[in-house]
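Quick notes on the structure that follows.
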Amino acid sequence: DAKTTQPTSMDCAEGRAANLPCNHSTISGNEYVYWYRQIHSQGPQYIIHGLKNNETNEMASLIITEDRKSSTLILPHATLRDTAVYYCIVRVAQRGIQGAQKLVFGQGTRLTINP
Amino acid sequence: GAVVSQHPSWVICKSGTSVKIECRSLDFQATTMFWYRQFPKQSLMLMATSNEGSKATYEQGVEKDKFLINHASLTLSTLTVTSAHPEDSSFYICSASQFQETQYFGPGTRLLVL
């Protein structure tokens, strides 16, 4: 089962910042938080990931709370092309393969950017 | 960078036939590749994980004799759906990573079994 919970859907106006929350209260100390998005009928696109510190790249910013039990993905200036399902995922150890990690996808947040 | 391709992008086949889907990492060496399946309006479900040169590890409930996975090189993994039936119709997506780092996903293959 996925270790994260996210809102089912969100709306945001074009040009505004989109803030997508994620709860991961059972996360372990060495487990990373990953964010991907999936535009209809395409494979997921990697956005960003982090462990403890806040992270920023050309696509987004990731804010992780000090206790690591929740995080927020920020798209600073949302465009219509940002409409997608956003997945917050805790990467977990994989049984049976030493050192291996896997992603367990939840239902994600369907983000709609409105003109 | 980090581009993963899949071929074919869609395939239609008759019930009882086998279908092979290829997954390639174009600009990096993928020590690990993953295969997922996604049914309409559902999330991605991990089917199996394969390390280059090793047998794949299948998730619980996935039939290893039906979904054959080969990861013979650092840039290519294949998924063969054997004796496909209509219930196998789905969106199959692969991902690739190098040394357990970030997974990068392919564009997916839509399979329709008639």
Side-chain angles (χ1 to χ4, degrees), chain A residues 1-9 20 22 28 30-51 55 57-60 62 73 84-112, chain B residues 1-7 9-10 21 23-25 28 31-60 62 64 71 90-112:
Chain A
D1 291 340
K3 296 183 72 170
T4 62
T5 55
Q6 300 176 251
T8 302
S9 63
L20 290 85
C22 178
S28 298
N30 60 349
E31 291 176 337
Y32 281 78
V33 178
Y34 276 78
W35 283 83
Y36 287 82
R37 70 182 182 185
Q38 186 177 28
I39 297 171
H40 184 63
S41 297
Q42 297 181 24
Q45 177 189 21
Y46 166 74
I47 301 174
I48 199 166
H49 73 282
L51 182 63
E55 303 288 345
N57 62 20
E58 64 278 5
M59 290 184 67
L62 174 60
L73 178 74
V85 177
Y86 286 76
Y87 295 100
C88 169
I89 305 165
V90 172
R91 194 179 69 173
V92 299
Q94 193 162 17
R95 296 178 184 177
I97 309 177
Q98 187 176 6
Q101 308 268 327
K102 69 177 183 179
L103 304 176
V104 180
F105 282 76
Q107 295 304 308
T109 295
R110 183 171 298 277
L111 175 67
T112 302
Chain B
V3 178
V4 178
S5 69
Q6 282 184 241
H7 178 81
S9 56
W10 59 271
I21 302 170
C23 176
R24 294 182 185 273
S25 58
F28 67 102
T31 52
T32 307
M33 286 185 164
F34 305 81
W35 287 95
Y36 296 80
R37 181 167 53 180
Q38 185 176 32
F39 292 108
K41 298 186 178 181
Q42 294 186 23
S43 190
L44 281 77
M45 294 293 294
L46 179 64
M47 298 175 67
T49 302
S50 70
N51 291 313
E52 185 264 337
S54 302
K55 288 184 178 180
T57 298
Y58 291 81
E59 294 296 299
Q60 193 171 5
V62 178
K64 59 181 65 178
H71 188 175
S90 188
F91 191 45
Y92 291 87
I93 310 169
C94 73
S95 70
S97 71
Q98 189 174 46
F99 301 117
Q100 296 298 326
E101 295 298 320
T102 298
Q103 287 185 36
Y104 295 94
F105 286 80
T109 296
R110 196 161 299 280
L111 170 64
L112 177 61

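Per chain, numbering begins at 1; letters A, B, ... match sequence-line order.
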Legend entry - CZ (A:Arg110) with more than 12 external heavy atoms under 6.0 Å: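 Counting other residues, nucleotides and ligands, CZ of A:Arg110 stays at 12 neighbours or fewer.
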Legend entry - Heavy atoms from other residues, nucleotides or ligands near CE of A:Met59 exceed 12 (cutoff 6.0 Å):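 Enclosed: over 12 neighbouring heavy atoms sit under 6.0 Å from CE of A:Met59.
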Inset, instruction - Could you tell me whether the side chain of A:Gln42 reaches within less than 4.5 Å of the side chain of B:Pro107, counting heavy atoms only? - result: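 When only atoms from C-beta onward are counted, A:Gln42 and B:Pro107 do not touch, as no gap falls below 4.5 Å.
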Tell me, side chain or backbone of [X] under 4.5 Å from chain A's heavy atoms, or both, or neither?
X        : result
B:Phe99  : neither
B:Leu44  : both
B:Thr32  : neither
B:Glu101 : backbone

Legend entry - chain A contacts, top residue of B:Gln6, B:Gln38, B:Gln42 (heavy-atom pairs, under 4.5 Å):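 The residue among B:Gln6, B:Gln38, B:Gln42 with the greatest pair count is B:Gln38.
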Inset, instruction - Give the minimum heavy-atom separation between A:Pro44 and B:Phe105, together with the two atoms involved. - result: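 A:Pro44 and B:Phe105 have their closest heavy atoms at O-CB, 3.2 Å.
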Legend entry - For B:Phe91 against A:Ser41, the heavy-atom pair lying closest together: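 The pair with the smallest heavy-atom distance is CZ-O, 3.8 Å.
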Give, for atom [atom1] of [X] and atom [atom2] of [Y], the distance between the pair rounded to the nearest 0.5 Å.
X        : Y       : atom1 : atom2 : result
A:Lys102 : B:Leu46 : NZ    : CG    : 6.0 Å
B:Ile93  : A:Gln38 : CD1   : CD    : 5.0 Å
B:Thr102 : A:Ile48 : OG1   : CD1   : 10.5 Å

Inset, instruction - Please determine, by modelled atom types, if B:Thr49 and A:Gln94 share a side-chain donor-acceptor pair under 3.5 angstrom. - result: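 Side chains of B:Thr49 and A:Gln94: pair found under 3.5 Å.
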Inset, instruction - Using the side chain to side chain contact (heavy atoms under 4.5 Å, CB included) rule, take A:Leu103 and B:Phe34 through it: C-alpha gap first, then chi angles, then the decisive distance, then the call. - result: CA-CA 10 Å; A:Leu103 304 176; B:Phe34 305 81; over 6 Å; no
Legend entry - Part of A:Tyr32 within contact of chain B (heavy atom distance under 4.5 Å):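 For A:Tyr32, there is no contact with chain B at all, as no heavy atom is under 4.5 Å.
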Inset, instruction - Show your reasoning for whether side chain to side chain contact (heavy atoms under 4.5 Å, CB included) applies to B:Gln103 and A:Tyr34. - result: CA-CA 10 Å; B:Gln103 287 185 36; A:Tyr34 276 78; over 6 Å; no
